[in-house]
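Written out below as structure tokens is the structure these notes cover.
What's counted below: heavy atoms across the whole structure, side chains too, no hydrogens, waters or symmetry copies. Everything numeric here is computed off the predicted structure, so don't read it as measured data. Each chain gets a letter, A, B and so on, in the order its sequence line appears, and its residues count up from 1.
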Protein chains: 2
Amino acid sequence: MVHNHTPDSNQAPPARLEEALGVLREHGHRITRPRVAILEALIARQGPVAIEVLHQSMPNGVCDLATVYRCLAAFEKIGIVRRSYFSEGTAIYEFTLGGDHHHHIICRECQKVEALDFCVVEGLERLVRDRGYRDVSHMLEFFGVCSTCAEKPDPAKNP
Amino acid sequence: MVHNHTPDSNQAPPARLEEALGVLREHGHRITRPRVAILEALIARQGPVAIEVLHQSMPNGVCDLATVYRCLAAFEKIGIVRRSYFSEGTAIYEFTLGGDHHHHIICRECQKVEALDFCVVEGLERLVRDRGYRDVSHMLEFFGVCSTCAEKPDPAKNP
DNA sequence: GTGGATGCAAAGAATTTGCAACCAA
DNA sequence: TTGGTTGCAAATTCTTTGCATCCAC
């Protein structure tokens, strides 16, 4: 039920990067060092990430925070990433190319993300469509405190 | 499957207000004019509202915006309201007392929100708990373009 | 060479907080 | 009376934007 090692990829990372670069080209966007770095960080993360966290996970000084915001906004428009706003109010982005539709379990303490390979909700989208809605999509995420964090007395960030 | 008129109330509005005031007292909070006004506006709304919108819907000058933020945060702690962050990044609060757990359909164009009275996901939380997570919760929302917006050539904000 | 992209800094928007005055219990 | 609340304003945090410079094509 839960993937531990390759949470959300059906393709190897290099292939996913290539696919993303291809989509960028198709849309007339340029392939720049910051963009490649952002995509690599996104793919490496294998799940939803906050922009700030993504930026910090990138090689020192390879890219400005403002650029991360701009690129992710551009990536979203052409379907490379998905943006959402979990419970904390800060934007979260997730790489979407080449992966199955799935959901996550996010630890409230350490923010660790695990993917779940089931989705029982798709059938429900039909009900929403029957209601007259078009382009229906959904978002489902689980939150909790992972066993590792639950054992620690202090809420230290330690996956 | 979809409630159109009373999205999330099993009780009449006055009863809901009384229940909320009772919860406030139980937790040692005071009943003030701003708080009653906020609760009334929340109950009248019968669904999720953005804080700014809620504030504007209240009687002229009855309460400061900062107070709305503070009260809603307090209400959330004692279970009177639920906070979430749909797609726009601004916080949304919803009155929850006397209502069932449920989810929403949000129109991507006009942001109209309708409530759905089912939740098939709760059973799945068990799977997450079995995985070792504690304090498990989930978030599920549907997005789409409502029939009214789908008919309009321009994406004007018109529910 | 040229227009799209980036870095830096400043602007905006949303939310939180400090503090003195206020009022519900 | 008294500590919880509020209003107002300043401070934070997150995100967007202006503009000169830079670089991918």
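Counting only distance, with no hydrogens or angles, the side chain of A:Arg35 and the backbone of A:Arg30 share a donor-acceptor pair below 3.5 Å.
Comparing B:Tyr93 and A:Arg30 by the nucleotide of DNA chain C that holds the closest heavy atom to each, the one mapping nearer the 5' end is A:Arg30. Where A:Glu52 and A:Ala66 each meet DNA chain D at their nearest nucleotide, the meeting point lying more 5' is that of A:Glu52. Place A:Gly61 and B:Ile51 on DNA chain C by their nearest nucleotides, and A:Gly61 ends up nearer the 5' end.
Put simply, CD on B:Glu76 and CZ on B:Arg82 are 10.0 Å apart, with the number rounded to the nearest 0.5 Å. If you take CD on A:Glu19 and CG on A:Leu39, they are separated by 11.0 Å, rounding to the nearest 0.5 Å.
The phosphate of D:dG7 (OP1 or OP2) has a side-chain N or O of B:Thr67 nearer than 4.0 angstrom. An OP1 or OP2 oxygen of C:dT6 is reached within less than 4.0 angstrom by a side-chain nitrogen or oxygen of A:Arg35. In this structure, A:Tyr69 reaches the D:dT15 phosphate: one of its side-chain N or O atoms is under 4.0 Å from OP1 or OP2.
A donor N or O paired with an acceptor N or O is found under 3.5 Å between the base of D:dG18 and the side-chain atoms of A:Arg70.
Residue contacts for A:Val36: at a heavy-atom cut-off of 4.0 Å it reaches no nucleic acid atom on any strand shown. Using a 4.0 Å heavy-atom cutoff across all strands shown, A:Val68 reaches no nucleic acid atom at all.
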Kindly indicate, with the supporting measurements, whether the criterion side-chain contact (heavy atoms from CB on, under 4.5 Å) is fulfilled by A:Leu42 and A:Leu72.
CA-CA 10 Å; A:Leu42 221 36; A:Leu72 288 174; 3.8 Å; yes
